[in-house]
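Note on naming: letters A, B, ... go to the chains in the order of the sequence lines (proteins, then strands), and numbering restarts at 1 for each one. Computed over heavy atoms, backbone and side chain alike; hydrogens, waters and symmetry mates excluded.
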There are 2 protein chains.
Amino acid sequence: MARQAGSQGAETAERARRAALSLFARHGYAAVSMREIAAETGVGAAALYNHFATKQDLLTELMVKHLEALLAAWDAEPEAAAETEPRAALAAFARFHLRFHAARRDAVFVSTMELRSLDQPNFHRVERLRRAWEDRMEAIIRRGAEAGIFRAPEPRIATMALIGMLTGVTNWYRPAGRLPASAIEALHVEMTLSALGAAMTGDDACSPHP
Amino acid sequence: MARQAGSQGAETAERARRAALSLFARHGYAAVSMREIAAETGVGAAALYNHFATKQDLLTELMVKHLEALLAAWDAEPEAAAETEPRAALAAFARFHLRFHAARRDAVFVSTMELRSLDQPNFHRVERLRRAWEDRMEAIIRRGAEAGIFRAPEPRIATMALIGMLTGVTNWYRPAGRLPASAIEALHVEMTLSALGAAMTGDDACSPHP
DNA sequence: GTCTATACCTTGATAGAC
DNA sequence: GTCTATCAAGGTATAGAC
């Protein structure tokens with residue numbers, strides 16, 4: 001997608017990606033012009049076309065890179081192994097999801113809100129990656145449900161609900177807020193397990209396998 | 001916001017609102033032109049300006065009307081009363097939220113995704129209404145937590161998490177899907193209560209007040 | 001690889017006839 | 001209240017000099 005470039009060009013491309021991500025997240029893909037991206041990058045508008053064939057390609061590249069990095073990072077985590085005990089695996093997944101997304105708020109915003117700005121071939125490419133992420137979580141929930149550890153009669157529905165809950169944090173979390181990120185993280189991990197009847201903490205003496 | 005209009009004009013305004021809602025939901029505010037809205041409405045572009053001063057005003061009106069209708073409809077429900085038992089109130093709130101939103105997918109989409117397209121005064125107006133909705137739910141959770149029925153050490157966080165979960169359904173639910181809406185609704189109501197340690201169903205014999 | 005200049009198109013919004 | 005005609009501004013993308 002990106003054209004070949006020398007060492008100076010690669011730097012420009014990277015600055016352009018960062019500028020585009022920030023601008024798309026704040027104003028939306030359609031509301032941002034290539035001229036604005038170029039200005040933030042520190043080059044003329046025409047120079048962008050040495051690195052990205054079209055504005056649409058630039059958007060697609062941002063989403064694909066984000067989702068591929070997400071999948072690769074999780075698959076490298078030890079708790080991602082299929083042998084991990086389901087409650088531990090789900091807790092690790094929730095924690096990983098929250099941290100990875102909190103560190104990349106712009107990319108999350110763009111990747112979830114600009115799906116409709118992709119033309120059909122690009123949409124399908126990105127959608128496959130999103131689906132792959134959902135499948136990672138569903139596999140954990142399904143294992144736990146079959147083992148009688150989770151109450152999840154419909155693992156796919158539980159997956160969509162919980163991913164929605166976890167990803168939604170990105171929409172309102174502010175680093176300057178009242179609670180530290182660690183507290184918000186702990187509360188969400190707890191609610192994730194609780195939602196499937198597998199809470200680990202406190203006054204709940206009723207998890208199926210105590 | 002809308003201009004005065006005779007009986008024919010009022011009809012045009014309503015058709016324009018519907019057209020704009022559908023187009024904004026599908027392609028995004030910035031990607032849709034007044035000409036497209038006019039074409040879908042069946043009038044020329046200039047005619048729209050008899051009913052909406054600017055494109056921005058049209059967007060704002062759509063959001064405000066949606067959120068005001070949401071608040072008014074909930075406040076008219078019997079379970080919205082402050083005396084309702086917290087578990088019943090939360091279940092009713094979740095069910096109401098799911099149904100109201102499922103019936104207005106375009107309005108939900110626009111109202112959550114196009115906040116960034118509002119200029120500052122309009123943003124604050126819409127944000128106040130969104131906040132009011134969150135406050136409705138938070139009040140229920142707070143009551144239940146204080147009564148020891150819900151496990152929610154931070155009612156505001158629980159509110160944001162659960163609203164995110166419930167609203168997220170709009171992003172992936174398809175009427176033609178495998179499960180009927182009633183099943184998806186039941187599963188979400190159950191997960192909502194479970195997340196706060198107050199499940200009502202089945203193999204969970206451990207709700208604090210059995 | 002980046003620049004200046006520009007082709008070509010669509011945009012939001014307005015003026016004035018009907 | 002709607003139309004046709006129009007304006008000024010700004011959109012993506014390209015050409016060709018350096």
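- One interatomic measurement links the two molecules: CZ of Phe52(A) to P of dT14(D), which rounds to 15 Å at whole-angstrom precision.
- Thr112(B) places a side-chain N or O within 3.5 Å of a backbone atom of Phe109(B) that can act as its donor or acceptor partner.
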Side-chain donor/acceptor pairs under 3.5 Å, residues 63-80 of chain B, sequence neighbours excluded:
unit_1: Asp75(B); atom_1: OD1; unit_2: Arg136(B); atom_2: NE; d: 2.9
unit_1: Asp75(B); atom_1: OD2; unit_2: Arg136(B); atom_2: NH2; d: 2.8

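- Residues passing the salt bridge (charged side-chain N to carboxylate O under 4.0 Å, His left out) test with Arg178(A), sequence neighbours excluded: Glu154(B).
- Applying the side-chain contact (heavy atoms from CB on, under 4.5 Å) criterion to Pro175(B), with sequence neighbours excluded, gives Arg105(B), Tyr173(B).
- For DNA chain D, the residues of residues 30-39 of chain A within the heavy-atom distance limit of 4.0 Å (strictly under) are Val32(A), Ser33(A), Met34(A), Arg35(A), sorted by number.
- The CZ-C1' distance, from Arg15(A) to dG1(C), rounds to 12 Å in whole Å.
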I'd like a list of close polar pairs between nucleotides 2-5 of chain C and the protein, N/O only, cut-off under 3.5 Å.
unit_1: dT2(C); atom_1: OP1; unit_2: Thr12(A); atom_2: OG1; d: 2.5
unit_1: dT2(C); atom_1: OP2; unit_2: His51(A); atom_2: NE2; d: 2.8
unit_1: dC3(C); atom_1: OP2; unit_2: Gly44(A); atom_2: N; d: 2.3

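- By the side-chain hydrogen bond (donor to acceptor under 3.5 Å, both in side chains) test, Thr167(B) is found to be paired with His97(B), residues two or more places apart in sequence or in another chain being considered.
- Regarding Asp119(B), its CG atom lies at a distance of 15 Å from the P atom of dG12(C), rounded to whole Å.
- Residues passing the salt bridge (charged side-chain N to carboxylate O under 4.0 Å, His left out) test with Glu14(B) are Arg17(B), Arg18(B), sequence neighbours excluded.
- Atom P of nucleotide dT11(C) and atom CG of Leu58(B) are separated by 15 Å, given to the nearest angstrom.
- We find that NZ of Lys55(A) is positioned 8 Å from C1' of dG11(D), with the value rounded to whole Å.
- If you take OH of Tyr49(B) and C1' of dT11(C), they are 9 Å apart, rounded to a whole angstrom.
- Every residue two or more places apart in sequence or in another chain that forms a side-chain hydrogen bond (donor to acceptor under 3.5 Å, both in side chains) with Glu134(B) is listed here: Arg156(B).
- Annotation: side-chain hydrogen bond (donor to acceptor under 3.5 Å, both in side chains) contacts of Ser194(B) (sequence neighbours excluded): Arg151(A).
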